[in-house]
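Below is one structure, written out as structure tokens; comments come after it.
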Amino acid sequence: MHYVLLYDYVDDVATKRAPHREEHVALVRKLHGRGELLMAGAWANPLDGAALVFRVSSPKAVEDFVAADPYVKHGLVARWRIREWNVAVGG
């Protein structure tokens with residue numbers, strides 16, 4: 001199954017994320033290395049959110065990521081949601 005995790009960031013996230021970025025990126029890379037996270041990135045112009053695409057058996061794995069993500073723990077994510085995604089082409 002594919003799931004998309006959508007983040008809405010707080011204002012001025014570019015400045016606020018600096019102390020937590022290394023830990024966040026390490027967590028993302030770990031899941032990518034295991035094949036659970038296919039791609040991830042922040043929106044550009046404006047930097048107001050992000051999308052992460054997971055290939056896992058249930059949304060629980062995505063929820064576990066959210067619970068462990070330092071961006072969420074430190075209040076950089078104003079809102080998040082998980083959507084099951086029916087991939088029509090690719091992946």
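All values reported here derive from a predicted model rather than from experimental measurement.
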Counting only N and O atoms by type, is there a donor-acceptor contact under 3.5 Å from the side chain of K16 to the main-chain atoms of D11?
-> yes
Report yes if the side chains of W80 and D8 come closer than 4.5 Å at any heavy-atom pair, otherwise no.
-> no
So if you build clusters from Ile, Leu, Val, Met, Phe, Trp, Tyr with side-chain heavy-atom gaps below 4.5 Å, do L5 and M1 land together?
-> yes
L47/V13 under side-chain contact (heavy atoms from CB on, under 4.5 Å): CA gap, chis, key distance, verdict = CA-CA 8 Å; L47 173 60; V13 71; 3.7 Å; yes
If two hydrophobic side chains count as joined below 4.5 Å and joins carry through other members, does Y9 share a cluster with V53?
-> no
In one Ile/Leu/Val/Met/Phe/Trp/Tyr side-chain cluster, 4.5 Å: L31, M39 | no
Mind checking whether I82 and V4 have side chains closer than 4.5 Å, heavy atoms only?
-> no
Just wondering, do V56 and H2 contact through their side chains at under 4.5 Å, heavy atoms?
-> no
Shortest non-hydrogen contact between Y3 and S57, atoms and distance | OH-O, 4.2 Å
Can I get a per-line list of side-chain donor-acceptor pairs under 3.5 Å for residues 62-79, giving both atom names and the distance, sequence neighbours left out?
residue	atom	partner	partner atom	Å
D64	OD1	K60	NZ	2.7
D64	OD2	K60	NZ	3.4
D69	OD1	H24	ND1	2.7
D69	OD1	Y71	N	3.0
D69	OD2	Y7	OH	2.7
D69	OD2	H24	ND1	3.4
Y71	OH	R21	NH1	3.4

To the nearest 0.5 Å, what is the distance between NE2 (H20) and CD (E23)?
-> 8.5 Å
